[in-house]
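Given the structure is predicted, the values throughout are model-derived calculations rather than measurements.
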Amino acid sequence: MSALGKLQKVDLRTIWGTESGHFTPWLAQPENIELLSAAIAIDLEVEAQEKNVGPFRADILCKDTTTDSWVLIENQLERTDHTHLGQLLTYAAGLSAVTIIWVAEAFTEEHRATLDWLNEITEERFNFFGLEIELWRIADSPVAPKFNIVSKPNDWSKTVLDAAKRIESGDLSETKQLQQEYWAGLKTHLTEAKSKLRSQKPLPQHWTNFAIGRSHFHLAAVQNTRERRVGVLLVLTGSDAKAHFKLLEADKEKIEQAAHTAFEWRELPDKKESHIVLQLEGADPANRADWSRQHEWLKQTLDLFQRVFASRVKSLDADSYAVDSDMPQAE
């Protein structure tokens, strides 16, 4: 039997001399922000480094590509302190919806407890994560980073509490309650299947979103009790949505060959969005006995969309459509 290596912990300062000059630029690189994304199950896309937010400068400013909401990352190569906690609260006060990620070498018990308390008392549009960063190696192997979550939002408690308040006030109808339970069931199904799909919180609405790795693109699972069907959509938004749609549509034959199925292509010329769709007919979301089948179809179809569209979406360049199209060019 081969001898096993021994894990050795590495001092952070031997790799990153300073926070702003070394650690922040390292973390902002796509392959490293992906490590953080995997740790917290949120698909992140870096927007800027050292970005002004009120009187402070956020170390890294990101977008959650599933919800298109802001994510602020604050870094420390040392134990957490009150100064950084104050900055995090300032960020939250200045933005209408935000996820805040505090990365540090170590968290004091009082700061971990504070993040837990904030996650309990704030509305669901505010989320606080605390993560400790470690470095490890085996013998002379390259140093490997590891993120450990010490505090995170309790999504289920927040969702249930919010729903209870709405039911008590009469704001949540039976249909809305069913929708929320349906998406909670899908999330449980994905978890039990060990799926890599990252869904948003189960909400009382007819859709739930999933990241696909780029801002202004996401997957949506949808349900329709009146027409008794469920579906999956690739949703294209933003100012370049129509150009991106045309570029994908130009590759329609190859895409559908790769998927072994025909999609429904909805440009929606009168709207700001465009959709690419697959639907399952004869699937009534109100029929709880059929949820297992519907949830498995949604999982497999979402996986299909990820496999077929994720790499294509990331490589799209709207400018190439303007150049290649028959539209007259400005002189």
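Using a distance-only test at 3.5 Å, with no hydrogens or angles considered, no donor-acceptor pair links the side chain of Glu132 to the main chain of Ala106. Checked by atom type and distance alone, the side chain of Ser320 never pairs as donor or acceptor with a backbone atom of Leu316 at under 3.5 Å. Side chain of Ser141 to main chain of Arg137: no donor-acceptor pair is present (N/O by atom type, distance under 3.5 Å, no hydrogens or angles). Of the possible donor and acceptor atoms, none in the side chain of Trp183 sits under 3.5 Å from a partner among the backbone N and O of Ala221. In this structure, the side chain of Gln306 engages the main chain of Ala211 through a donor-acceptor pair within 3.5 Å.
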Given the rule in the side-chain contact (heavy atoms from CB on, under 4.5 Å) test, do Val232 and Phe210 qualify, once you have shown the distances and angles that lead to the verdict? CA-CA 10 Å; Val232 172; Phe210 297 81; over 6 Å; no

Apply side-chain contact (heavy atoms from CB on, under 4.5 Å) to residues Tyr321 and Asp240 and explain how you reach the verdict. CA-CA 10 Å; Tyr321 171 70; Asp240 293 324; over 6 Å; no

Please report the C-alpha distance between Val277 and Val222 in whole Å, then the side-chain angles of each, then the deciding distance to 0.1 Å, and finally whether the side-chain contact (heavy atoms from CB on, under 4.5 Å) criterion is met. CA-CA 10 Å; Val277 185; Val222 297; over 6 Å; no

Hey, mind stepping through Asn209 and Val235 against side-chain contact (heavy atoms from CB on, under 4.5 Å) and telling me if it holds? CA-CA 9 Å; Asn209 293 338; Val235 181; 5.9 Å; no

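The nearest pair of heavy atoms linking Glu19 to Leu77 is OE2-N, 3.0 Å. Scanning all heavy atoms of the two residues, the minimum distance from Arg214 to Asp43 falls at N-OD2, 4.4 Å. When all heavy atoms are compared, the tightest approach of His216 to Gly238 is ND1-CA, 3.9 Å. For the pair Arg112 and Val150, the tightest heavy-atom approach, listed with the atom from each and the gap, is CG-O, 3.5 Å. Taking all atoms of both residues into account, the shortest heavy-atom contact from Ile276 to Phe305 is O-CE2, 3.5 Å. Closest approach of Ala259 and Val308 over heavy atoms only: CB-CG2, 3.8 Å.
Hydrophobic cluster membership is shared by Leu115 and Ile100, with clusters built from Ile, Leu, Val, Met, Phe, Trp and Tyr side chains linked at under 4.5 angstrom. Note on Ile255: it clusters hydrophobically with Ile212, by side-chain heavy-atom contacts below 4.5 Å among ILVMFWY residues. When hydrophobic clusters are built by joining Ile, Leu, Val, Met, Phe, Trp and Tyr residues whose side-chain heavy atoms come closer than 4.5 Å, directly or via intermediates, Ile33 is grouped together with Trp16. Note: the hydrophobic cluster containing Phe129 does not contain Leu88 (ILVMFWY, side chain heavy atoms under 4.5 Å, direct or indirect links). Using a 4.5 Å cut-off between side-chain heavy atoms of Ile, Leu, Val, Met, Phe, Trp and Tyr, with links allowed through other members, Trp207 and Val230 fall into different hydrophobic clusters.
Residues passing the side chain to side chain contact (heavy atoms under 4.5 Å, CB included) test with Glu134 are Lys9, Trp136, Lys146, Asn148, sequence neighbours excluded. Not a single salt bridge (Lys or Arg N to Asp or Glu O under 4.0 Å) links Asp64 to another residue, sequence neighbours left out. Glu249 meets the salt bridge (Lys or Arg N to Asp or Glu O under 4.0 Å) test with Lys246; sequence neighbours excluded. Applying the salt bridge (Lys or Arg N to Asp or Glu O under 4.0 Å) criterion to Arg79, with sequence neighbours excluded, gives no partner residue. Remark: Lys271 engages Leu268 in a side chain to side chain contact (heavy atoms under 4.5 Å, CB included) (not counting sequence neighbours). Remark: Asp59 pairs with no residue by the side-chain hydrogen bond (donor to acceptor under 3.5 Å, both in side chains) rule, at least two apart or across chains. Residues that satisfy the salt bridge (Lys or Arg N to Asp or Glu O under 4.0 Å) test with Asp81, not counting sequence neighbours, are absent from this structure. Legend: residues meeting side chain to side chain contact (heavy atoms under 4.5 Å, CB included) with Asp270, ordered by chain and number and at least two apart, are absent. For His189, the ring-ring contact (aromatic ring centres under 6.0 Å, His included) test picks out no residue, with sequence neighbours left out. Applying the side chain to side chain contact (heavy atoms under 4.5 Å, CB included) criterion to Lys63, with sequence neighbours excluded, gives Glu47, Asp68, Trp70, Ser215. Under the side-chain hydrogen bond (donor to acceptor under 3.5 Å, both in side chains) criterion, Lys242 pairs with Ser274, sequence neighbours left out.
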Do any side-chain atoms of residues 286-294 form donor-acceptor pairs under 3.5 angstrom with protein atoms, and if so which ones, sequence neighbours left out?
from   : atom 1 : to     : atom 2 : distance (Å)
Asn287 : OD1    : Ala289 : N      : 3.2
Arg288 : NH1    : Glu181 : OE1    : 3.0
Arg288 : NH2    : Glu181 : OE1    : 2.6
Asp290 : OD1    : Arg293 : NE     : 2.8
Asp290 : OD2    : Arg293 : NE     : 3.4
Asp290 : OD2    : Arg293 : NH2    : 2.9
Asp290 : OD2    : Gln294 : NE2    : 2.9
Trp291 : NE1    : Pro285 : O      : 2.6
Arg293 : NH2    : Gly282 : O      : 3.1
Gln294 : OE1    : Tyr182 : OH     : 2.8
Gln294 : NE2    : Asp284 : O      : 3.0

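Environment of NZ in Lys299: crowded, with over 12 heavy atoms of neighbouring residues, nucleotides or ligands closer than 6.0 Å. The local environment of CZ in Arg228 is sparse, with at most 12 non-hydrogen atoms from other residues, nucleotides or ligands closer than 6.0 Å. Atom CD of Glu253 has 12 or fewer heavy atoms from other residues, nucleotides or ligands within 6.0 Å.
Trp26 places none of its side-chain heavy atoms less than 4.5 Å from the side chain of Ile15. Using a 4.5 Å heavy-atom threshold, the side chains of Ile42 and Ser37 count as separate. Contact of the Phe126 side chain with the Leu118 side chain is not registered, since no non-hydrogen atoms from C-beta on lie closer than 4.5 Å. Side-chain atoms of Val103 and Ile73, non-hydrogen and from C-beta on, do get closer than 4.5 Å to each other. Between Arg312 and His244, the closest side-chain pair of non-hydrogen atoms is not below 4.5 Å. Between Lys272 and Thr237 there is no side-chain heavy-atom pair separated by less than 4.5 Å. Looking at Leu131 and Ile133, their side chains never come closer than 4.5 Å, going by heavy atoms from C-beta outward. Put simply, the side chain of Phe245 does not reach to within 4.5 Å of the side chain of Leu248, judged on heavy atoms.
Under a 4.0 Å N-O distance rule, the pair Arg307/Asp303 does not qualify as a salt bridge.
Separation of the Phe263 and Phe309 ring centroids falls under the 6.0 Å cut-off.
Ring pair Trp102/Phe107 is perpendicular by interplanar angle, where above 60° counts as perpendicular and below 30° as parallel.
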